[in-house]
Structure formats: structure tokens, C-alpha cells
2 protein chains.
Amino acid sequence: MNLKELASRLGLSPTTVSRALNGYPEVNEATRERVMAAAKRHNYHPNTRAIRLATGRAMAIGHVIPVATRHEIVNPVFADFIAGAGETYSRNDYDMVLSVVPDDQEEAAYRSLKSKGNVDGVIVHAPKMDDPRIALLHDVGLPFVVHGRATGTTLPYSWLDVNNRRAFQRATEFLLDLGHTRIALVNGLEFMDFAIRRRTGYVDALTARGIAPDPALMASDEMTEIAGYRAARAMLLRAHRPTAFLVASMISGMGVRRALEEAGLQMGRDISVIIHDDDLSYMKNGDAVPIFTATRSSVRDAGRLAAEMLLDIIATPNPVPQQRLLEAELIMGQSTGPCPRP
Amino acid sequence: MNLKELASRLGLSPTTVSRALNGYPEVNEATRERVMAAAKRHNYHPNTRAIRLATGRAMAIGHVIPVATRHEIVNPVFADFIAGAGETYSRNDYDMVLSVVPDDQEEAAYRSLKSKGNVDGVIVHAPKMDDPRIALLHDVGLPFVVHGRATGTTLPYSWLDVNNRRAFQRATEFLLDLGHTRIALVNGLEFMDFAIRRRTGYVDALTARGIAPDPALMASDEMTEIAGYRAARAMLLRAHRPTAFLVASMISGMGVRRALEEAGLQMGRDISVIIHDDDLSYMKNGDAVPIFTATRSSVRDAGRLAAEMLLDIIATPNPVPQQRLLEAELIMGQSTGPCPRP
DNA sequence: AATCGCCTTCAAACCGCTTTGGATGCCGCA
DNA sequence: TGCGGCATCCAAAGCGGTTTGAAGGCGATT
């Protein structure tokens, strides 16, 4: 059942039927109702491919996922972000298209998405310092929103980010207030923008209290269980071990916990831990009582909001770049306590 | 730059240019090269939307992701599957479209995908017992491949699955051989087909050795850290605690480990644990030496293979249902050992 | 009564590609 | 010399919608 057939059954022209269905004003209300009823009765759904060609819009948003090397976006955080963004797209009749490409072809992927007209815009994930993708998308002319920010980029662009610096600053201050002075940072890879900001927050808080950051207590690696475990273990073996840990993610946190337990240290009593909690659906930080004290910010909400921002930009004739900074909340769990006196 | 313009620049008809670019035989080789060169020079990429309308094919595969209730597909396992499938799609110039929908609208989502012509086929995730989606897709006429199987369904359909029953049977036998008799099962939700099969494997292995399965040692819940922790803790508090655990996933396994450590039990010495390891990129089970002894099967490979199967089915005129059963390997880690004599 | 303007509706062009059904020219062969 | 056959190329008709430009009908205004 297509438009032409539906129209002929109704004794109307395709023009009128199309307009009736799309809510244009120049059609009689009685006619519109007749058309709507017939469309429902015959289970008519306009062909997306035809709409796309006729309107010149793809009605789809792209997400490029580079794979196959050191840093992979394919992680639990990404899954939750996608879920949030996907909800927004569905509500607005947009498709979400994921392009999984070898990471040396990421740039080509964006260009191709644009020139072949597969999408109306993209969301840029995991921005790095001086991220080249921003300039690229700028001159390709593909609307985009960055999840995060890219330090060093001068071009104006739209982004949605969590205030990572402030979150880690507050967490550090909280530990300092508890009497901790040897606070370790188990950070993500520090070419990632958010990791840089987190470190800044941590360093700022320490220096504000007159404590010189100790490079031996600052690790930077992928946010996996293994990496968290390794970093924590190495630090615990040092002569002067830290009394508190600031950890980049729930998953790294599990690794840190493993190292602590292996060392016979009890979290919350012998040693304190604060993690950053993306509030992942499959990785909840406890329920009533959080396992870890944490800086929390739902990445799923971020996905929802970033998608809304992008759709808004696409719908606007001459859009101005939009920015939005979300604050993480500091939630109390069982993993922190006063620094034990030696 | 579109086909018509490119053609006129070349002094050729669009027909010939189209054929030259698509490798049809009825065009002079010299002409073809001239066309190819011009296409490259002018950076011509055919408009996907037009190709789709003209050919009647969507060149896209759909994945429907239901959200917002108890069981959510949005999990790390799903992310890895998607990554695998996405690689296959990219290689074959297909788009991957994800539909995130409230789970009471899942059926409508499939129907809409079909009637609006957004995709050429779909992959069905997380099949349940007597899964209604199989009959639905059958009569809607949308090609599909199921990741897993659906016990109770009589219709023929294509699927790709891991031999979950055998994997858990082997794992159980392995523990029995080590002298364990009180073996606990921390399973996924048992309306999920794979969870049913795993339980069957476990029960079969026990009964084959004359051991009656103890309902108190069989838990079934979501595969999260929390759920794993709760199930294990409850069992450890019983008078006759288990000496070994069989756990449904890496994440549940972390929860079980937390419970064990809380109870002061050392994995591999006081108590044995075997998990199922989907070999997730961000949830590696150790590296050189696995943390957990495990039944391992890469869900990413599964994604790759399932996608290949689907593309093959779509390309075949009168396809017959395809099946493929992957075997999990049993890998030795540090979490198992002989049953300690009391 | 003629004209104007609004409300409805329609025919046809268009989006950018594929594909069918010729058309043309050239060669070889009878 | 005439003709079949092959190699090339093209015009035009789709694909299934949207959108422009125009037209018919009718009440209101002059």
C-alpha cells in the first residue's frame, strides 16, 4: 500500500492525501479525517526511503565508533549513552545509525556519512585534546554535538559535558577534610579530555591546601578492572602507601577494591575510595546504600540531552553553538572514612 | 556533485556513468576508467537515499533495543555484540540502525521497521522461552537472525548460539572432578533461554553423578554485580555453605567475589568459582593468567558471525534457515581448586 | 452582474539514482 | 552487398514520496 494507491482508493490526488497526513492547513477537515481513517484502515505507512529522497533529509543521526586499537569506545559507558540518545531519537522519529570503523578510518567515515547523505548530524564521542574531528566536521558541514569538550580547540562548537574538574576537586576536598593527605588518583587515559580535567580538579584541590601532588600517586590507564587493580596494587606496595583513592570509574573501582582486599585492607575503615559513577544500568553502585562514595552523573541522561541538543540544532535554520555543563553530585557510600591515625 | 552533473561533464548519459561505476559489463573499459577517474577527481559519492529508493533496498540492518523495565538489553554484552556486528556491516556497506523503544512497543517497532522500509532485516536479541517475536517476524516477512535460541518455538528460523548447556555441564563436571559436591549456581534470569539451558547443563551434570540439585543453591536474577553479591552472600550464610560457585557472567562474578572476600574466603583455595566469560573488551578476565576459571566464548565474534549470516540470508533469493552452534572453551584461571577437606 | 479572494483540490515537476528497451555503429561472414 | 551479432551508449520510465503552480467552486463585495 503506497500513497498513490491510497489516493486512488479515496478518489483523491496524492497531493491532497500527502498534505492531509502531514497536517498541512490547505485541506478540508472532513477530508483529512477521511484520509486519516483510510490510512489507518489500510495500514498505510509512508515509505521512509521515498520521504528521505523527496525531502533531502536523512532523518537519522550517526554515531561513529572506532575500534580495533588501544582505546576502544565500545564500553559500558558508551552503551548507556546510546540508550539515552536512542530514546530521544525514537521519540522524534529519527533513526540512530552506528558506524563501527577501524580507527584509522574514522575521518573517512565522517566524510562518507556526509557525502552519501546517510545522516543529518553526528554525535562526537570521547573527545581528546585538540581533537581534529571538530575542525573536520566544521568544514565538511555536518552538524554535530560533542559529548565532552576538546581543550585546545578554538573553533566554536556545541557540546554537553559533565563538570569533571569540579567533581574531582570536590571529591579531593572531601578526602582532605577527612584528614587524608596521601590521596592517589587512578585516572583514565590522559589524552582523553575528561581525564585531563579530572586531574586538574584533583591537583588544584591538593595545591590549594598546600599539598604537592605526588607523581607516584597518579596513574593513568584504560578504565578497566585489570588496569585499576594494577595501579592500586603498585601504589599499595610502596613504602608510603596512600590512605585514599580517587578512581575514574565503577569498573576501575572494582579492580582497586580487589587490590585492597588482596592487601587485607578494609574499604571505609583502613582506606578510603571515591569513584566516579556514570550510573550505568548494569553496573549500579549499590542501591539503597552505595558501595562506593562517588561523584555521580548519569551518562544515560547525558545521551538523552545531547541528542535533544543535536536535533534542535538540525531543526534550526541558522543555529548558534550550544553548550551545557552538567554538575555531578557527590554521594556518600561506605567506602570513605576518616584517615586512620598511624 | 550528483550523477547527472558528473555525466554531463563527461559528455555521457547518466545510464552509462551509473553502469561504469557499478561494474556492469556493457561499458567500454576505456570509458569506465575515464568515469572512475572523474568520479574520484570530483569526489563523487552516490546519494544513499536515492540508491535506496531506486533499488528498493534499505542497505541497513535493524537492532531493536527494548528499555525501561526490569530486564534491559542495554548491557556490556550487548555493546560488544554490536561492535562485532557493526564491523560486518561496515565491510559490506550496510548501515546499522538501532531502535531504542519502550519494551511494550517492541512489537510495533518491528512492524514499523518493516512497513516503513527502514531496514532489510533485523537481529533478534535475548530470546526468551516461546519468544513471540519469531512468529511475528515470520508473518511480517522481515528477514532475521536470532542471537540465541527460543525453546518452545516450532517455526524454523535462523539462529546463532553458544552451546550453553554443554558449557555449564562441562564446568560442573570439572568442579565435581575436583571433589566439590555442594556447587551453587548463580544464574541469569531464567525466562531467558540461555539461562534455562545453562541450568539444564548444571542439573544434568549433577544428576549424572547421583547428586540431587539443591534448590537452595540455585539463584536466578539479573546479571549485575549487586545481584551476584546478594545471591552469593545468602548462600554463604547457610549452615551448609557451598564449596563452589558457577556464575553466569563476569559482572555477577565480581559480586560473588565481593561476597566471598567479605566472608573471609579465598578464591581458589577455600572456595572455587567458575564464571561464563563473554570476553568483553572492557571486562577482560585477566590477561596472561585469567582471574576466573571460565567457560569462554567471544560475544563479539558472535556478533560478527550473526551479522554475516543475516546478510547472507538477505542476499539469497530463497533462503533456507541457517543454524550455527558455537562451543565455549573451558579456560583455567586462579579461582578453582580441589575441594578442601573439612 | 461582475469581480475578488478564499478554500480546496489537482497535475506535474522533482529528489538522484537504477534499469528497461531500444538505437547506433562496426565487424565478420555468407 | 546485405545482414546478423556484438559492443556501446542513451532516452525514458520508474522508485514513492513532497512541493510548486494553477485551477475550480463559491460566497462576499461593489
Side-chain angles (χ1 to χ4, degrees), chain A residues 1-36 38-39 42-60 93-95 112-120 315, chain B residues 1-36 38-39 42-60 93-95 112-120 315:
Chain A
M1 173 61 61
N2 58 18
L3 184 66
K4 202 194 297 182
E5 188 173 339
L6 183 64
S8 81
R9 282 186 197 241
L10 281 163
L12 289 169
S13 74
T15 307
T16 303
V17 175
S18 169
R19 283 180 169 152
L21 259 21
N22 291 309
Y24 282 76
E26 55 268 87
V27 40
N28 189 300
E29 267 317 309
T31 309
R32 187 193 305 283
E33 276 162 28
R34 203 157 65 84
V35 171
M36 297 283 232
H42 293 95
N43 192 33
Y44 168 72
H45 292 270
N47 184 300
T48 306
R49 297 191 295 267
I51 292 180
R52 286 175 171 162
L53 180 58
T55 61
R57 305 190 310 157
M59 296 305 288
D93 279 314
Y94 268 72
D95 274 355
S112 148
L113 242 30
K114 167 66 179 185
S115 59
K116 302 204 293 185
N118 291 33
V119 302
D120 295 320
Chain B
M1 173 62 61
N2 56 19
L3 184 66
K4 203 195 297 184
E5 189 173 338
L6 183 64
S8 81
R9 281 185 198 241
L10 281 163
L12 289 169
S13 74
T15 308
T16 304
V17 176
S18 169
R19 283 179 168 153
L21 259 21
N22 291 309
Y24 283 77
E26 56 269 85
V27 39
N28 188 301
E29 267 318 309
T31 308
R32 187 193 307 280
E33 275 162 30
R34 202 158 64 86
V35 171
M36 298 282 233
H42 294 95
N43 192 33
Y44 167 73
H45 293 270
N47 184 300
T48 307
R49 297 191 296 266
I51 292 180
R52 286 176 172 162
L53 180 58
T55 60
R57 306 189 310 158
M59 297 304 288
D93 279 314
Y94 268 73
D95 274 355
S112 148
L113 242 30
K114 168 66 181 185
S115 59
K116 302 203 291 183
N118 291 32
V119 302
D120 295 320

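Computed from a prediction, not measured in an experiment: that's the story for all the values here. Per chain, numbering begins at 1; letters A, B, ... match sequence-line order.
We find that B/Asp95 and B/Arg52 are joined by a salt bridge, their nearest charged nitrogen and carboxylate oxygen being less than 4.0 Å apart.
For the pair B/Glu5 CD and C/dG16 C1', the computed distance is 12 Å after rounding to whole Å. Going from atom CG of B/Asn2 over to atom P of C/dG16 covers 5 Å, rounded to whole Å. Look at CE on B/Met1: it is 11 Å from P on C/dC17, rounded to the nearest Å.
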Output a table of nitrogen or oxygen pairs between the protein and nucleotides 6-10 of chain C separated by less than 3.5 Å.
| unit_1 | atom_1 | unit_2 | atom_2 | d |
| --- | --- | --- | --- | --- |
| C/dT9 | OP1 | A/Thr31 | OG1 | 2.9 |
| C/dT9 | OP2 | A/Asn28 | N | 3.2 |
| C/dT9 | OP2 | A/Thr31 | OG1 | 3.3 |
| C/dC10 | OP2 | A/Ser13 | N | 2.8 |
| C/dC10 | OP2 | A/Ser13 | OG | 3.2 |
| C/dC10 | OP2 | A/Thr16 | OG1 | 2.9 |
| C/dC10 | N4 | A/Arg19 | NH1 | 2.7 |

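B/Asn47 places a side-chain N or O within donor-acceptor distance of the main-chain N or O of B/Arg49, the cut-off being under 3.5 Å. Between the side chain of A/Asp120 and the main chain of A/Arg57, no donor-acceptor pair closer than 3.5 Å is present.
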Check the pair B/Met59, B/Thr48 against side chain to side chain contact (heavy atoms under 4.5 Å, CB included), reporting the backbone distance first and the verdict last. CA-CA 9 Å; B/Met59 297 304 288; B/Thr48 307; 5.7 Å; no

In sequence, state the C-alpha distance, the side-chain angles, and the governing distance for A/Thr15 and A/Ser18, and then conclude on side-chain hydrogen bond (donor to acceptor under 3.5 Å, both in side chains). CA-CA 5 Å; A/Thr15 307; A/Ser18 169; over 6 Å; no

After noting the C-alpha distance and the side-chain angles of A/Arg34 and A/Leu10, does the key distance pass the side chain to side chain contact (heavy atoms under 4.5 Å, CB included) rule? CA-CA 8 Å; A/Arg34 203 157 65 84; A/Leu10 281 163; 3.7 Å; yes

Please lay out, stage by stage, how A/Asn43 and A/Met1 fare under the test side chain to side chain contact (heavy atoms under 4.5 Å, CB included). CA-CA 8 Å; A/Asn43 192 33; A/Met1 173 61 61; over 6 Å; no

As a quick check of understanding, evaluate side chain to side chain contact (heavy atoms under 4.5 Å, CB included) for B/Arg32 and B/Arg19, giving each step before the final call. CA-CA 9 Å; B/Arg32 187 193 307 280; B/Arg19 283 179 168 153; over 6 Å; no

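Once you apply a 4.0 Å limit to the heavy atoms of chain A, the touched nucleotides of DNA chain D run 5' to 3' over D/dG16 to D/dG21.
Scanning residues 51-60 of chain B for heavy-atom distances under 4.0 Å to DNA chain D yields B/Leu53, B/Ala54.
At the phosphate of C/dC17, neither OP1 nor OP2 sits under 4.0 Å from any side-chain N or O atom of B/Ser18.
Closest non-hydrogen pair, A/Tyr44 versus A/Leu21, comes out as CE2-CD2, 3.7 Å.
Here the straight-line distance linking atom CG of B/Asp93 with atom CD1 of B/Ile51 works out to 9.0 Å at 0.5 Å rounding.
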